[in-house]
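Not measured: the values here are computed from a predicted model. Sequence positions, counted from 1, serve as the residue numbers for this chain.
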Amino acid sequence: MLHLVVLQLTTTVIAGLIAGLLGGVHALVSALLGGLCCVVPNGLFALRLFISARKPGAVNPMTFFIGEFIKIALTLASLGAVVWLYRDLNWLALIAAFIVALKSYIILLFRH
């Protein structure tokens with residue numbers, strides 16, 4: 001789980017740097033915020049699963065489903081907050097970095 005969150009953070013930084021080179025500072029910030037809207041909820045979800053897996057008898061399907069619901073709600077809330085609060089938002093950079101971070105697990109499928 002930690003590898004995936006680190007990979008998502010790495011791809012977010014790379015997407016932010018590319019957006020910054022192509023679109024300037026506002027694109028860089030938008031891309032970083034978009035990627036973090038994916039990374040932070042996934043990191044918290046992974047931490048919650050890790051902690052509950054260490055407790056005896058604490059692992060059940062409801063823990064997973066409640067955590068997944070909280071992750072989705074936190075993702076939507078953070079995206080909404082970024083759109084609401086960041087006035088110089090670059091939509092393309094935000095959405096592109098979010099998708100890159102969201103789909104970065106595909107890189108792990110190709111490692112040996």
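Taking both residues in full, the closest heavy atoms of A93 and A27 are given as CB-O, 3.4 Å, listed atom of the first, atom of the second, then distance. Taking each heavy atom of C37 and T75 in turn, the nearest pair found is O-CG2, 3.6 Å. Residues L9 and V39 come closest through the heavy atom pair N-CG2, 3.9 Å. What you find for A46 and V5 is that their closest heavy atoms are CB-CG2, 4.3 Å. The two atoms that bring V100 and A15 nearest to each other are CG1-CB, 4.4 Å, heavy atoms only. When all heavy atoms of P41 and L36 are compared, the pair lying nearest together is CD-O, 3.8 Å.
Separating the CG atom in L92 from the OG atom in S30 is a distance of 10.0 Å, to the nearest 0.5 Å. Atom NZ of K103 and atom CD of Q8 lie 10.5 Å apart (nearest 0.5 Å).
Linking ILVMFWY side-chain heavy atoms closer than 4.5 Å, directly or via other members, places V25 and V13 in two distinct hydrophobic clusters. L74 and I95 fall into different hydrophobic clusters, where Ile, Leu, Val, Met, Phe, Trp and Tyr are joined by side-chain heavy atoms under 4.5 Å apart, directly or via other members. In the hydrophobic clustering of this structure, F65 groups with L49; members are Ile, Leu, Val, Met, Phe, Trp, Tyr whose side-chain heavy atoms approach within less than 4.5 Å, directly or through other members. The same ILVMFWY cluster, assembled from side-chain heavy atoms under 4.5 Å apart, contains both V29 and I99.
Remark: the backbone N or O of A101 is paired with a side-chain donor or acceptor of S104 at under 3.5 angstrom.
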Exercise for the section: May I have the step-by-step check of side chain to side chain contact (heavy atoms under 4.5 Å, CB included) for N90 and L94, ending in yes or no? Expected result: CA-CA 6 Å; N90 183 319; L94 175 86; over 6 Å; no

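Annotation: ring-ring contact (aromatic ring centres under 6.0 Å, His included) contacts of F64 (sequence neighbours excluded): F45.
Among N42, L4, T11, the single residue meeting the side-chain contact (heavy atoms from CB on, under 4.5 Å) criterion with Y105 is L4. Screening T12, L79, L33, V82 for a side-chain contact (heavy atoms from CB on, under 4.5 Å) involving F98 leaves a single residue, L79.
For residues 61-74, every residue pair satisfying the salt bridge (Lys or Arg N to Asp or Glu O under 4.0 Å) rule, not counting sequence neighbours, is listed here: E68-K71.
More than 12 non-hydrogen atoms from other residues, nucleotides or ligands lie less than 6.0 angstrom from OH of Y86.
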